[in-house]
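Taking it in order: structure first as structure tokens, then the write-up.
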Amino acid sequence: KKDPEHWARLLVSVESGVRATTSMLLRTAPSSEGLVREPLEDALWSRHVIGAADAPTGVEFTIAPGSGITFKKRFLFQTGADVLRLEVEIENTALAGDAGAREFMLTPGACMPAESGDKWTREPQAIAYSKGKGDASNQVEVQATDERGAKVLGPFAVEAPISFAGVYNKYFAVLLHGADEESRSTLIGASWRGLRDEAWARAHPDQATSAWRQIVADLQLRIVLPSQGESRTYRYDVYAGPKESSRLETVWPDHSKLMEKDLGFFNGIASVLLAVLGFFERLTGNWGVAIILLTISVRLLLFPVNRKSQTSMGRYQSKMKRLQPRIDEIKKRY
């Protein structure tokens, strides 16, 4: 585990448009543009390591664009967990009489590489989910942009507040959700964007129309600015790890909706098989042996049905053998 050669790279930076993609990116919206002198994604933030230099517990980025508002993005590490805590702090140092709600955009993950190389699996994909009125069908999933780039962005048809949003491929997921009630209420919308991979297009000039290979999810935040001399902190948890039900649901129960959507029509059967497979893995400590035991178990369960089918087929073939001479006689005669 300590050897980087064995690490799975969940997020990669992709050359797209005027800049390379960046994860955990905070951007302004029309209502908050007056708070900055230049786009937050282009500005130079100062960095401060939290904790000891040889064992940091997090890192903080700060920018004071001169509008009376100071922005801070704080990343806190959780040892041994698949979760990263993201804190967005807004400090009002000199802005008087203009407190109120402002909207921002937050991109949890950009971009995820394709893992499987399986032509039947579209990778990566973006997702947003909200409970809405309790109807799980409010979940929306968007696959990669079509090859002609005919549609490169759009909103998710989900109601506020958003439970979680992010991107995923066949094996891994990067998903963001609010860590407390106040922070969850800030997630008022979500949208998706298709991205063109310019480096891939240059490397494959004969397939340039297929360069729309990436997609990201953007979260719309509605943040209330504090009064002058005060600050507000909003907290979000980012799951970055394998698409394993137990890990996903331990971090945030609503993550189960991702697995349900991923399994689709076969969710019921697959859930049972995965539970049995997990039991065998815990019993043996080996996924290969677990798969063999699962296969044997399924064959044993289906044995009565298969035996009946084989018996019926044997009877049919026996009857056909008795009839075959008569069939051949009729063929010769006619």
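Checked against the 6.0 Å centroid criterion, the rings of H177 and Y236 do not qualify as a close aromatic pair.
Under 3.5 Å, the side chains of N306 and S309 contain no donor-acceptor pair of N or O atoms. Judged by distance alone, the side chains of E244 and S246 do bring a donor and an acceptor atom under 3.5 Å apart.
Proximity of a side-chain donor or acceptor of S163 to a complementary backbone N or O of K131 within less than 3.5 Å is not detected. Without hydrogens or angle criteria, S23 side chain to A110 main chain gives a donor-acceptor distance under 3.5 Å.
A salt bridge does not link E33 to R27: none of the charged side-chain nitrogens sits closer than 4.0 Å to a carboxylate oxygen. Under the 4.0 Å criterion applied to side-chain N and carboxylate O atoms, R247 and D82 are assigned as salt-bridge partners. The pair E329-R326 fails the salt-bridge criterion, with no side-chain N (NZ, NE, NH1 or NH2) lying under 4.0 Å from an Asp/Glu carboxylate O. A salt bridge links R196 with E198: at least one charged nitrogen is closer than 4.0 Å to a carboxylate oxygen. In this structure, E103 pairs ionically with R222, as a charged nitrogen and a carboxylate oxygen lie closer than 4.0 Å.
Connectivity analysis of hydrophobic side chains (ILVMFWY, heavy atoms under 4.5 Å, direct or indirect) links V14 to V12. Residue Y316 belongs to a hydrophobic cluster whose other members are M313, M320, L323, I327, with links defined by side-chain heavy atoms closer than 4.5 Å.
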Q.
Determine whether E182 and Y234 satisfy the following criterion, side-chain contact (heavy atoms from CB on, under 4.5 Å), listing intermediate values before the conclusion.
A. CA-CA 7 Å; E182 182 183 22; Y234 301 92; 4.0 Å; yes

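For the atom pair S32 OG and M105 CE, the distance stands at 10.0 Å (nearest 0.5 Å).
Legend: side-chain hydrogen bond (donor to acceptor under 3.5 Å, both in side chains) pairs involving residues 48-73, not counting sequence neighbours, sorted by first then second residue: E60-R74.
The two atoms that bring F71 and V36 nearest to each other are CE1-CG1, 4.0 Å, heavy atoms only.
Only one option out of L11, L195, T22, V174 pairs with C111 in a side chain to side chain contact (heavy atoms under 4.5 Å, CB included); it is L195.
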